[in-house]
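Read the structure below first, then the notes.
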Protein chains: 2
Amino acid sequence: METLNLIKIIAPEAINILEERYLILRTISYNQPIGRRSLSDILGFKERAVRDQVNFLRNQGLLKIDFMGMYITDEGIKTLESLHPVYNQIKGIPELEVKLKKLLNIRKVSILPGNSRDNGMVLRDMGKITSKVLKSLIKDGDIVGITGGSTMAAVAEEFVPDKVKREVTFIPARGGLGRDVETQANSIVATFAKKLGGTYRLLFVPDGLEKEALEYILRNEDMKESLSLIDNMDILIFGIGRADTMAKRRNLPEERVEDLISKGAVAEAFGHYFDVKGNEVWEYKTVGLSLNKFKSLYNVIAVAGGEEKAEAIISIATLNENMILITDEFAAKKILELVDKAT
Amino acid sequence: METLNLIKIIAPEAINILEERYLILRTISYNQPIGRRSLSDILGFKERAVRDQVNFLRNQGLLKIDFMGMYITDEGIKTLESLHPVYNQIKGIPELEVKLKKLLNIRKVSILPGNSRDNGMVLRDMGKITSKVLKSLIKDGDIVGITGGSTMAAVAEEFVPDKVKREVTFIPARGGLGRDVETQANSIVATFAKKLGGTYRLLFVPDGLEKEALEYILRNEDMKESLSLIDNMDILIFGIGRADTMAKRRNLPEERVEDLISKGAVAEAFGHYFDVKGNEVWEYKTVGLSLNKFKSLYNVIAVAGGEEKAEAIISIATLNENMILITDEFAAKKILELVDKAT
DNA sequence: ATACCACGGGACAATATTTGTCCAAACAAA
DNA sequence: TTTGTTTGGACAAATATTGTCCCGTGGTAT
């Protein structure tokens with residue numbers, strides 16, 4: 001891999017070629033079959049450049065073309081797979097990971113090159129990596145907590161099924177996080193269970209319940225069991241949100257939002273709101289994972305990308321030093337920038 | 001290093017660029033100061049190509065130019081140094097080394113890319129590598145035997161002096177191998193001793209002596225001491241020659257040459273002649289290293305390059321399986337070709 | 001059955017780059 | 001002083017790249 005730095009000195013043009021061809025191959029693999037023109041639109045490359053590179057890649061047997069468009073070949077997939085770390089190296093991802101891990105003082109940081117907000121492929125790659133990390137942590141008998149959110153949905157979608165099924169239980173980490181997000185969490189849990197094997201449990205808690213109604217529900221045996229599962233969870237995979245966006249998505253009342261703002265809320269995770277220092281500012285009233293349980297968990301995987309989430313990530317990272325963070329290049333750089341500015 | 005094979009697939013142009021720039025940088029480092037035109041003559045590149053690449057390399061700070069010509073910078077030397085293994089990898093040298101080591105069934109094979117016969121730089125590089133190997137084997141108190149020949153002269157010339165001097169004794173492995181070669185061996189021994197530190201002993205034995213005269217000489221105390229050193233040598237570095245060329249160089253009588261030919265002599269080393277199977281065919285009458293001593297030595301370094309020596313190398317390699325062979329790409333490929341043809 | 005759309009690939013002129021070859025000024029060596 | 005290098009500038013000719021358009025094909029929605 002040291003070789004690459006040498007090439008940067010002695011043949012920098014090669015780096016550009018490499019990057020261009022990598023991006024083309026990758027984009028095709030994610031969008032096949034795709035035509036020359038749409039490809040150049042997606043990548044922002046000139047049509048002619050795409051055409052030439054595509055010709056090259058075809059000659060190398062890395063992709064096939066028919067009247068429907070272009071497809072990646074098996075050889076291409078293999079090559080693309082080996083190319084990922086090379087591209088990461090070119091983009092300086094490994095260094096970025098080390099820096100960020102030190103800065104946030106957490107267990108591990110994985111960064112995907114690019115911006116998951118603008119580029120669906122990056123989000124999907126984040127899902128793939130999360131999938132790998134999860135598989136490396138999970139043991140038979142584990143209870144795995146999951147939250148909702150579009151990021152988590154993507155993770156579930158990209159989860160690569162195993163041949164070996166596992167004896168694990170998936171469960172939503174929180175109940176009733178607004179109707180949309182709630183159902184989403186449930187369906188994500190189902191997707192995970194289907195792909196990894198194992199059982200799952202859904203958690204339906206109506207929204208905006210009064211204290212008495214909540215207590216009533218809690219007397220239900222099924223519910224008690226679910227909550228005990230949550231209380232004993234071994235692994236948590238969760239998304240991180242901006243306080244403001246999440247407040248809007250949940251249609252919180254105006255006064256609530258103002259209160260959050262006045263208290264400096266920047267981050268939301270599993271129904272809790274935090275300021276930039278990681279102080280809890282407010283908790284959405286429902287059942288599920290408590291902050292204390294979260295802080296005491298060892299296997300905690302946070303997934304969040306896009307520079308707009310930088311502040312939120314900084315906040316959440318202070319809560320648990322065992323956290324494993326999966327993010328993207330833009331978020332990572334923004335975090336470094338913010339912390340640099342602060343010091 | 002795996003990276004390089006990936007680059008061969010995804011950006012083969014890069015390999016050419018790399019190779020071209022490497023060769024230019026290397027040639028400059030060996031011939032500085034050198035002008036654009038002589039450089040393109042040596043390399044067989046078009047002047048314009050050289051000019052462009054040289055411009056690039058200068059921009060990268062790898063070489064300097066003044067009115068005398070081009071020089072490599074310190075940065076350039078460092079880069080060139082790291083580039084050697086990359087170039088070897090491109091040329092498939094590591095694979096070639098493994099193949100040849102197995103084929104010849106000897107302890108180690110080091111191959112330099114190129115042809116030492118046509119390219120002085122390759123010969124010098126062989127010298128550098130030999131220098132490294134020798135340093136890795138040598139211990140204080142060792143007696144090191146040396147032979148003559150143009151290859152050995154180059155090795156001595158390129159020997160990189162150490163800061164730490166060693167307590168070793170250098171001695172010619174054989175006496176009286178024809179006047180030229182003999183004096184050469186003596187001067188090579190002196191060069192080695194000067195560069196590595198330690199003492200040395202010269203060995204003068206007049207050529208073409210009759211039995212009686214030889215016996216007389218052997219009674220000399222000094223000579224006895226020298227021969228005992230040779231008999232106790234710990235390390236031998238020797239060149240391998242073609243039987244025919246060495247016979248000519250020694251002005252052997254016509255009948256002798258015919259005899260050698262009829263017996264199938266192909267190789268010469270330290271005054272002994274061998275057929276392709278490694279059977280001794282004749283021994284030049286003088287004092288010094290015996291074949292038995294040679295066969296029982298553990299640290300034996302053979303240095304020989306150029307495809308014309310392929311057969312001779314094959315022959316000599318059968319004599320001692322502890323041999324370390326330092327050769328060049330052309331010889332290596334020719335050896336593989338010859339053996340392939342034979343089977 | 002029809003009309004439409006996106007596909008690859010051929011074609012080609014406009015434009016940019018590469019290439020080969022000069023030459024002059026600067027300096028070293030003889 | 002003369003001769004032989006050297007670099008770097010210059011420039012026209014040759015070659016490659018680039019941007020675009022069009023055409024036939026076949027899938028797909030209607």
Side-chain angles (χ1 to χ4, degrees), chain A residues 10-77 80 120-121, chain B residues 10-76 120-121:
Chain A
I10 203 75
E13 316 90 303
I15 301 291
N16 299 332
I17 301 178
L18 207 78
E19 198 170 332
E20 211 169 283
R21 293 196 181 145
Y22 168 78
L23 289 175
I24 289 177
L25 200 56
R26 178 169 179 269
T27 308
I28 290 176
S29 93
Y30 269 120
N31 300 82
Q32 58 186 331
I34 186 178
R36 203 206 297 151
R37 273 166 270 257
S38 1
L39 190 56
S40 43
D41 280 351
I42 292 178
L43 289 168
F45 293 177
K46 294 173 185 164
E47 185 194 325
R48 203 44 197 274
V50 167
R51 200 166 165 174
D52 291 342
Q53 302 299 17
V54 154
N55 262 331
F56 169 86
L57 292 170
R58 180 178 47 180
N59 287 337
Q60 296 295 82
L62 305 180
L63 54 87
K64 268 190 310 222
I65 302 182
D66 67 17
F67 50 82
M68 293 280 290
M70 303 175 274
Y71 310 79
I72 191 164
T73 63
D74 290 352
E75 196 59 25
I77 292 174
L80 187 59
M121 293 184 285
Chain B
I10 203 73
E13 316 91 301
I15 301 290
N16 299 332
I17 301 178
L18 206 79
E19 199 170 334
E20 210 168 283
R21 294 198 179 142
Y22 167 77
L23 289 174
I24 289 177
L25 200 56
R26 177 169 179 269
T27 310
I28 291 175
S29 93
Y30 269 119
N31 301 81
Q32 58 185 327
I34 185 176
R36 205 203 296 151
R37 270 166 274 257
S38 0
L39 191 55
S40 41
D41 280 351
I42 293 179
L43 289 168
F45 292 178
K46 296 178 182 159
E47 184 194 327
R48 202 44 197 274
V50 168
R51 199 167 166 174
D52 290 343
Q53 302 300 17
V54 153
N55 262 331
F56 168 86
L57 292 169
R58 179 178 46 179
N59 287 337
Q60 297 295 84
L62 304 180
L63 53 87
K64 268 190 309 221
I65 303 182
D66 68 17
F67 49 83
M68 292 282 288
M70 304 175 274
Y71 310 79
I72 193 164
T73 64
D74 290 352
E75 196 59 23
M121 293 184 284

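Just so it is clear, the structure is predicted and the values come from calculations on it, not from any experiment. All values below come from the heavy atoms of this structure, side chains included, with hydrogens, waters and symmetry mates left out. By convention in this document, chain letters (A, B, ...) are assigned in the order of the sequence lines, proteins followed by strands, and residues within each chain are numbered from 1.
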Rounding to a whole Å, what distance do you find between B:Asp66:CG and D:dT6:P?
12 Å

So with a 6.0 Å cut-off around CG of A:Asp66, is the heavy-atom count from everything else above 12?
yes

Near DNA chain C, under 4.0 Å by heavy atom, which residues of residues 21-30 of chain A?
none

Separation of B:Ile24 CD1 from B:Glu19 CD (nearest 0.5 Å):
11.0 Å

Which is true for B:Leu39 with a 4.0 Å heavy-atom rule: it touches a base, it touches only sugar-phosphate, or it touches nothing?
nothing

Does B:Thr73 reach the main-chain N or O of B:Gly61 with its side chain, forming a donor-acceptor pair under 3.5 Å?
yes

Please enumerate all residues that pass ring-ring contact (aromatic ring centres under 6.0 Å, His included) together with B:Tyr22, with sequence neighbours excluded.
B:His84, B:Tyr87

For B:Leu39 versus B:Thr27, what's the shortest heavy-atom pair and its separation?
CD1-CG2, 3.5 Å

Minimum-distance pair of heavy atoms, taken over all atoms of A:Met70 and A:Ile65:
CG-CG1, 3.8 Å

Does the side chain of B:Ser38 get closer than 4.0 angstrom to OP1 or OP2 of D:dT5 through an N or O atom?
no

In this structure, how many angstroms lie between the P atom of D:dG9 and the CZ atom of B:Arg36, rounded?
10 Å

Residue that, paired with A:Ile28, satisfies side chain to side chain contact (heavy atoms under 4.5 Å, CB included) out of A:Ile34, A:Leu23, A:Ile42:
A:Ile34

Take atom CD1 of B:Ile17 and atom C1' of C:dT18, then tell me their distance rounded to the nearest Å.
14 Å

Within residues 32-68 of chain B or reaching into it, pairs that qualify as ring pair (Phe, Tyr, Trp, His ring centres under 6.0 Å) - sequence neighbours excluded
none

When you measure from every atom of DNA chain D, which of residues 44-64 of chain A have a heavy atom less than 4.0 Å away?
A:Lys46, A:Arg48, A:Arg51

Are there more than 12 heavy atoms of other residues, nucleotides or ligands under 6.0 Å from atom CG of B:Asn59?
yes

Counterpart residues, salt bridge (charged side-chain N to carboxylate O under 4.0 Å, His left out), relative to B:Arg58 (two or more places apart):
none

May I ask you to decide whether A:Asp52 forms a salt bridge with A:Arg48, counting only side-chain N to carboxylate O separations under 4.0 Å?
yes

Which residues, if any, of residues 67-77 of chain A bring a heavy atom under 4.0 Å of DNA chain D?
A:Phe67, A:Met68

Output the rounded distance in Å from CD1 (B:Ile65) to C1' (C:dA26).
15 Å

